[in-house]
Amino acid sequence: MKGAKISDLLASAGAGAEVLVFGWVRTVRNSGSVSFLQVNDGSCLADIQIVVEGDALSLLDTTELSTGCSVRIDGTVVDSLGKGQKYEIQASSVQIIGHADPNDYPLQKKRHTLEFLRDIAHLRPRTNTFGAMSRVRNAAAFAIHTYFQERGFQYIQTPMITASDAEGAGSMFRVTTLDLGNVPMKSGVPDLTEDFFGKSAYLTVSGQLEAEIFAQAVSDVYTFGPTFRAENSNTSRHLAEFWMVEPEVAFCDLSGLADLAEDFLKNVFGKVLDRCPDDMAFFNQWYDKTALTTLENIINSDFERITYTDAIDMLQKSGETFEYPVNWGLDLQSEHERYLTETKIGRPVVVTDYPKEIKAFYMRLNDDDKTVAAMDVLVPRIGEIIGGSQREERYDVLTDRMRDAGMEEAEYWWYLDLRKYGSVEHAGFGLGFERTVQFMTGMQNIRDVIPFPRTPNNAEF
RNA sequence: UCCUCGGUAGCUCAAUUGGCAGAGCGAUCGGCUGUUAACCGAUUGGUUCCAGGUUCAAGUCCUGGCCGGGGAGCCA
């Protein structure tokens with residue numbers, strides 16, 4: 001006999017149904033001849049209350065029952081006599097499956113700090129916060145796939161190991177099978193021809209270049225997978241391993257890409273609100289009182305679109321004093337982005353057409369010869385949630401840009417081939433999945449929106 | 001990597017000018033006829049992050065290190 005999910009049981013089973021439930025005990029309350037257990041199985045935020053009395057109680061050693069135990073409950077759904085829940089289960093039997101010694105089980109019947117829970121990442125999914133996080137992440141991932149699948153985008157699995165070491169900014173993790181205690185040397189440097197791939201290999205920082213290959217064959221594609229950055233970043237918004245969504249669209253310009261980004265974000269936010277109302281209400285109550293209204297406002301309003309040049313103008317006329325200078329040609333700092341999206345405009349902003357000097361080589365050069373068709377989607381509190389561009393599809397312009405960037409053309413022969421054979425305009429962006437979840441839930445630290453965060457000096461679990 | 005704040009009981013925190021290291025929660029035991037982070041009573045709790053130094057005396061001051069929070073840069 002298979003147990004019922006508590007979520008199904010609370011939603012559909014009426015009083016009188018005989019049920020079997022498996023889960024973990026959250027709290028035990030003993031009161032005279034009756035004991036109350038709250039049991040959670042992770043299917044929903046709510047616990048189900050188990051009432052144990054009479055024969056069921058006399059057969060149970062309540063001193064063995066404690067927070068963290070796994071249990072099997074046989075019983076009947078009844079209308080609750082108490083306040084706080086509609087239904088409860090009148091147990092006919094309670095079996096302890098696995099004990100959790102209360103003397104050393106770390107999770108207590110009280111709130112813990114997020115910092116403490118990070119140290120016990122193997123147990124934190126049993127808390128309300130991380131149960132809710134797991135469900136929201138799941139709903140968001142599903143919404144992302146659904147969004148693209150319903151619009152004819154193909155899901156492309158791009159490689160995690162790459163041999164090109166200049167895909168863009170950012171340090172990469174080296175992948176090697178060489179014995180670090182005994183590296184083969186040749187002319188005083190490591191002989192990488194002895195390594196697994198015969199040359200340097202790294203963990204990918206983006207699936208974009210490979211996604212472009214498929215976009216220029218099957219038109220609309222996206223990737224959704226892990227991405228790695230070896231930067232020594234210690235902030236609430238950075239991870240060494242994170243998940244990135246990268247749509248790449250053929251026959252699409254920057255304006256079309258901005259339309260896609262806006263529609264996509266609104267759609268995903270809407271689906272998560274729809275699918276996880278209890279979890280989102282929980283985050284709204286405990287972590288960010290504005291989370292729900294912010295998301296609803298975004299869904300129902302248009303994103304502001306401004307050029308980089310407009311943004312510089314706004315910042316210079318703002319009357320604000322910034323720590324970093326604002327001048328055309330300089331990149332926007334976090335404080336500038338936050339001023340624009342939080343103070344000046346008050347909703348998501350798409351900033352486009354940045355100076356070519358501060359953006360990547362593959363971004364399409366505009367007719368002014370000074371700017372490129374890049375876009376960043378900025379949202380309050382997080383800053384950049386999406387970075388994207390129309391790609392340079394003109395062979396000569398692209399090779400000029402690569403030369404300016406000091407890149408070796410030969411290493412990108414296949415990327416250049418795409419511009420030689422049936423080249424088309426195309427565009428794509430990268431969305432940080434964890435930043436999206438962080439934004440939706442109002443969680444302050446990105447380490448609390450991924451199951452097992454990888455950051456400098458931390459790869460436990 | 002830089003700036004800044006912090007590290008005291010299982011957890012969350014207090015400890016005045018350098019002068020006996022504490023509270024709440026948890027846990028344990030007992031009580032309570034339906035509880036909602038149950039409640040009431042008692043008990044239990046310490047390498048004050050580590051290594052040096054100053055001092056009659058260091059949780060507190062000094063030096064070095066480790067770890068964590070917040071901010072910055074890099075970016076998603």
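For Phe242(A) and A76(B), the ring-to-base geometry satisfies the stacking test (centroid distance below 5.5 Å, interplanar angle below 30°).
A distance of 6.0 Å or more separates the ring centres of Tyr202(A) and Phe173(A).
Residue Thr27(A) places no side-chain N or O under 4.0 Å from the OP1 or OP2 atom of A37(B). Close to C74(B), at under 4.0 Å from its OP1 or OP2, lies no side-chain N or O of Arg237(A).
In this view, Glu393(A) and Arg364(A) satisfy the salt bridge (Lys or Arg N to Asp or Glu O under 4.0 Å) rule, not counting sequence neighbours. Scanning for salt bridge (Lys or Arg N to Asp or Glu O under 4.0 Å) contacts around Asp302(A) gives Lys266(A), with sequence neighbours left out. Residues passing the ring-ring contact (aromatic ring centres under 6.0 Å, His included) test with Tyr147(A), sequence neighbours excluded: Phe264(A). Among residues two or more places apart in sequence or in another chain, the side-chain hydrogen bond (donor to acceptor under 3.5 Å, both in side chains) test is passed with Thr113(A) by none. Applying the salt bridge (Lys or Arg N to Asp or Glu O under 4.0 Å) test to Asp41(A) and every residue at least two apart in sequence or in another chain returns nothing. Taking the salt bridge (Lys or Arg N to Asp or Glu O under 4.0 Å) definition, one finds that Asp259(A) meets it with Arg305(A), sequence neighbours left out.
Between G71(B) and U28(B), the distance separating the two C1' atoms is 44 Å to the nearest Å. Between the P atoms of G59(B) and C66(B), the separation comes to 24 Å (whole Å). For the P atom pair drawn from U17(B) and C74(B), the interatomic distance equals 42 Å after rounding to whole Å. Distance check on atom P: U63(B) versus G18(B) gives 16 Å, rounded to whole Å. Spacing of C1' atoms, C50(B) relative to U4(B), comes out at 22 Å, to the nearest Å. When the P atom is compared between C20(B) and C61(B), the two are found 16 Å apart, to the nearest whole Å. Taking atom P on both nucleotides, U47(B) is separated from A37(B) by 33 Å, rounded to a whole Å. On the P atoms, U48(B) is 12 Å away from A58(B), given to the nearest whole Å.
Rounded to an integer number of Å, the gap from Arg111(A) CZ to G26(B) C1' is 16 Å. The separation between Ile382(A) atom CD1 and C75(B) atom P is 18 Å, rounded to whole Å. Distance Leu114(A) CG to G68(B) C1': 13 Å, rounded to the nearest Å. Regarding Asn30(A), its CG atom lies at a distance of 16 Å from the P atom of C40(B), rounded to whole Å. Rounded to whole angstrom, the span from the CZ atom of Arg447(A) across to the C1' atom of C67(B) amounts to 12 Å. Summarising the geometry, the separation between CE on Met375(A) and P on C75(B) is reported as 17 Å, rounded to the nearest angstrom. Here A37(B) presents its P atom at 12 Å from CD of Gln285(A), a figure rounded to the nearest Å. In this structure, CZ of Arg29(A) is placed 15 Å from P of C40(B), rounded to the nearest angstrom.
Using a cutoff of 4.0 Å between basic side-chain nitrogens and carboxylate oxygens, Arg447(A) and Glu434(A) are not scored as salt-bridged.
No contact: Arg26(A) has no heavy atom under 4.0 Å from any strand. Across all strands, Leu239(A) comes closer than 4.0 Å to base atoms (heavy-atom distances). Here Asp119(A) lies out of heavy-atom contact (under 4.0 Å) with every strand. Residue contacts shown for Gly82(A) include a base, since a base heavy atom lies under 4.0 Å away. Nucleic acid contact class of Glu323(A) (heavy atoms, under 4.0 Å, all strands): none. Among the atoms of the strands shown, only primed sugar atoms or phosphate atoms (P, OP1, OP2) are found under 4.0 Å from some heavy atom of Ser236(A). At a threshold of 4.0 angstrom between heavy atoms, the contacts of Glu88(A) include nucleobase atoms, whether or not backbone atoms are also involved.
Across every strand in view, C75(B) sits unpaired, with no contact that passes the Watson-Crick or G-U test at under 3.5 angstrom. The nucleotide G19(B) finds its pairing partner in C56(B), both defining distances of the Watson-Crick or G-U wobble pair being shorter than 3.5 Å. G24(B) is paired with C11(B) under the criterion used here, namely a Watson-Crick or G-U wobble arrangement in which both key atom distances are under 3.5 Å.
Ring pair Phe282(A)/Trp286(A) is tilted by interplanar angle, where 30° to 60° counts as tilted.
Closest to the Glu384(A) side chain, of the nucleotides U33(B), U35(B), A76(B), is A76(B).
In the model, Tyr339(A) has no side-chain atom that pairs as donor or acceptor with a side-chain atom of Gln333(A) under 3.5 Å. Checking Thr294(A) against Asn297(A) by side-chain atom types alone, no donor-acceptor pair falls below 3.5 Å. Looking only at atom types and distance, the side chain of Lys370(A) has no donor-acceptor partner in the side chain of Asn366(A) under 3.5 Å away.
Between the side chain of Arg435(A) and the base of C75(B), a donor-acceptor pair under 3.5 Å is found. A donor-acceptor contact under 3.5 Å links the side chain of His238(A) to the base of C75(B). A donor-acceptor contact under 3.5 Å is not formed by the side chain of Glu53(A) with the base of U33(B).
Mapped onto RNA chain B by nearest heavy atom, Glu434(A) and Ser66(A) fall at different nucleotides, with Ser66(A) at the one closer to the 5' end.
The list of ring pair (Phe, Tyr, Trp, His ring centres under 6.0 Å) pairs with a residue in residues 440-461 of chain A, not counting sequence neighbours, reads His122(A)-Phe461(A). Residue pairs meeting the salt bridge (Lys or Arg N to Asp or Glu O under 4.0 Å) criterion with at least one partner in residues 342-362 of chain A, sequence neighbours excluded, are Glu304(A)-Arg347(A), Arg338(A)-Glu342(A), Lys359(A)-Asp376(A).
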Between protein and nucleic acid, restricted to nucleotides 7-10 of chain B and to nitrogen or oxygen atoms under 3.5 Å apart, what atom pairs and distances do you find?
from	atom 1	to	atom 2	distance (Å)
G10(B)	N2	Gln108(A)	OE1	2.9
G10(B)	N2	Gln108(A)	NE2	3.0
G10(B)	N3	Gln108(A)	NE2	3.0

N/O to N/O distances under 3.5 Å, protein versus nucleotides 1-3 of chain B:
from	atom 1	to	atom 2	distance (Å)
U1(B)	OP1	Asn232(A)	ND2	2.7
U1(B)	O4	Asn232(A)	O	3.2
U1(B)	O4	Asn234(A)	N	3.4
U1(B)	O4	Asn234(A)	ND2	2.9

For residues 125-134 of chain A, which side-chain donor-acceptor pairs fall under 3.5 Å, sequence neighbours excluded?
from	atom 1	to	atom 2	distance (Å)
Arg126(A)	NH1	Tyr105(A)	OH	3.3
Thr127(A)	OG1	Arg124(A)	O	2.7
Thr127(A)	OG1	Phe130(A)	N	3.2
Asn128(A)	OD1	Arg26(A)	NH1	2.7
Thr129(A)	OG1	Tyr287(A)	OH	2.7

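Of the residues in residues 324-342 of chain A, those lying under 4.0 Å from RNA chain B by heavy-atom distance are Tyr324(A), Gln333(A), Ser334(A).
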